[in-house]
Amino acid sequence: MLEEVLRQVQDGRLSVEDAAKQLATFENLGFAKVDHHRKKRQGFPEIVYGEGKSAEQIIGIAKALQAQNHEVLITRVSREKADQIRVVCSDYQYDAVARLLFWKHADNRESKLNGYVAVVAAGTSDLGVAEEAAVTAEVLGSSVRRFYDVGVAGIHRLLHHAEEIQQAAVSVVVAGMEGALPSVVGGLVAHPVIAVPTSVGYGANFNGLSALLTMLNSCASGISVVNIDNGFGGGYNAALIHQLINKGAAGL
């Protein structure tokens with residue numbers, strides 16, 4: 001990109017001012033500095049955390065990202081705020097369960113990566129976090145297969161899908177209560193497992209702390225743990241691993 005911009009300036013096809021805008025590492029909106037080089041450094045564009053931001057602020061950030069042809073993913077967005085944003089950003093999609101608002105290029109709506117990410121959820125009460133992980137991975141370019149309500153209280157439900165989960169490139173395993181499901185999945189598969197504890201559970205669950213500690217203390221190898229209710233973090237890491245696997249297979 002750098003060489004192409006410099007050639008356009010040299011040939012008179014691009015002004016110095018416009019070249020400076022294209023090469024800027026971030027765009028200062030006053031209330032936010034939008035990181036346009038995040039994708040070059042990390043493989044994915046900057047993700048917008050929607051909670052605590054006004055609809056107007058989110059629109060400004062989203063439009064700045066979209067102007068640079070970046071995919072746009074905004075997390076933790078309420079239905080009310082999403083409706084306000086979509087008045088201006090009518091081509092954005094909203095997933096109410098995942099609380100995610102996003103925009104993708106028309107030519108990037110189908111995954112170009114081989115294989116898939118498995119998102120495994122213990123119970124129906126965990127679906128909000130699981131869908132946050134699943135939709136995040138999809139927006140970032142992965143194919144996702146969902147395996148829901150397969151917790152350890154009825155482990156035969158998980159075993160029914162064991163072969164398909166084993167064939168995934170990476171699994172995101174979401175569970176509340178005692179948080180045992182990632183250990184079980186970790187003992188069945190030969191790929192990375194990203195464990196996501198949820199705040200689902202009764203009093204001694206301590207809003208997800210007991211599930212978090214169970215996952216951190218798992219005796220199954222290959223398990224990494226993200227923060228409580230952080231479906232986004234699980235989905236992002238899974239997409240990154242999936243992308244790296246494909247690059248490795250292509251010899252890049």
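Taking CD from E56 and CD from Q84, the interatomic distance works out to 6.5 Å, rounded to the nearest 0.5 Å. In this structure, CD1 on I85 lies 8.5 Å from OG on S54, to the nearest 0.5 angstrom. In this structure, the separation between CD1 on I47 and CG on L73 is 4.5 Å, given to the nearest 0.5 Å. For the atom pair OH (Y49) and CD1 (I74), the distance works out to 13.5 Å, reported to the nearest 0.5 Å. The distance from the OH atom of Y116 to the NE2 atom of H242 is 10.0 Å, given to the nearest 0.5 Å. Here the CG atom belonging to L65 is positioned 6.0 Å from the CD atom belonging to E46, to the nearest 0.5 angstrom.
For R145 (side chain) and V117 (main-chain N/O), no donor-acceptor pair under 3.5 Å exists by modelled atom type. R86 places no side-chain N or O within donor-acceptor distance of the main-chain N or O of D83, the cut-off being under 3.5 Å. Between the side chain of D229 and the backbone N or O of S199, at least one donor-acceptor pair lies under 3.5 Å. Judged by distance alone, with hydrogens and angles left aside, the side-chain atoms of K81 form a donor-acceptor pair with the main-chain N or O of G50 at under 3.5 Å. With N230 contributing its side chain and V226 its backbone, the two residues share no donor-acceptor pair below 3.5 Å.
A donor-acceptor contact under 3.5 angstrom links the side chains of T198 and D126, judged on distance only. In this model, a donor atom of one side chain and an acceptor atom of the other lie less than 3.5 Å apart for Q66 and Y92.
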Report task. Evaluate side-chain contact (heavy atoms from CB on, under 4.5 Å) for L216 paired with T214, printing each intermediate quantity in order. Result -> CA-CA 6 Å; L216 288 171; T214 296; over 6 Å; no
Query raised in the report: side-chain contact (heavy atoms from CB on, under 4.5 Å) between F102 and V135: does it pass, once the steps are laid out?
Result: CA-CA 9 Å; F102 58 94; V135 177; 3.8 Å; yes
Query raised in the report: Which is it for Y236 and L140 under the side-chain contact (heavy atoms from CB on, under 4.5 Å) test, yes or no, and what are the steps along the way?
Result: CA-CA 8 Å; Y236 185 100; L140 297 180; 3.6 Å; yes
Requested in this report: Show your working on side-chain contact (heavy atoms from CB on, under 4.5 Å) between H161 and V120 and close with a plain yes or no.
Outcome: CA-CA 10 Å; H161 299 288; V120 185; over 6 Å; no
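Looking at every heavy atom in both residues, D95 comes nearest to V97 through OD1-N, 3.1 Å. Residues A220 and I223 come closest through the heavy atom pair CB-CD1, 3.8 Å. Between A137 and V144 the shortest heavy-atom distance is CB-CG2, 3.8 Å. L113 and G141 make their closest contact through CD1-O, 3.6 Å (heavy atoms, listed as atom of the first residue, atom of the second, distance). The heavy-atom pair separating Y94 from R79 by the smallest distance is OH-N, 3.2 Å. Residue I228 comes nearest to L209 through the heavy atom pair CD1-N, 3.8 Å, listed as atom of the first residue, atom of the second, then distance.
Proximity of H160 to F147: side-chain heavy atoms (C-beta onward) are nowhere separated by under 4.5 Å. By the 4.5 Å heavy-atom criterion applied to side chains, R99 and E51 are counted as neighbours. The shortest side-chain heavy-atom distance between Q243 and F44 falls under the 4.5 Å cut-off. Under the 4.5 Å side-chain criterion, counting only non-hydrogen atoms from C-beta, L100 is in contact with T136.
Taking hydrophobic clusters as Ile, Leu, Val, Met, Phe, Trp and Tyr residues chained together by side-chain heavy-atom distances below 4.5 Å, F232 does not share a cluster with L212. Taking hydrophobic clusters as Ile, Leu, Val, Met, Phe, Trp and Tyr residues chained together by side-chain heavy-atom distances below 4.5 Å, L213 does not share a cluster with V200. One hydrophobic cluster, built from ILVMFWY side chains closer than 4.5 Å, holds both I245 and V119.
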Cut-off 3.5 Å, no hydrogens considered: what does the side-chain donor-acceptor table look like for residues 172-197, sequence neighbours left out?
unit_1 : atom_1 : unit_2 : atom_2 : d
S183   : OG     : S218   : OG     : 2.8
H191   : ND1    : A168   : O      : 3.0
H191   : NE2    : S171   : OG     : 2.8

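In summary, E138 and R146 engage in a salt bridge, as defined by a charged side-chain N under 4.0 Å from a carboxylate O. For E132 and R76, the salt-bridge test passes: some basic side-chain N is under 4.0 Å from an acidic carboxylate O.
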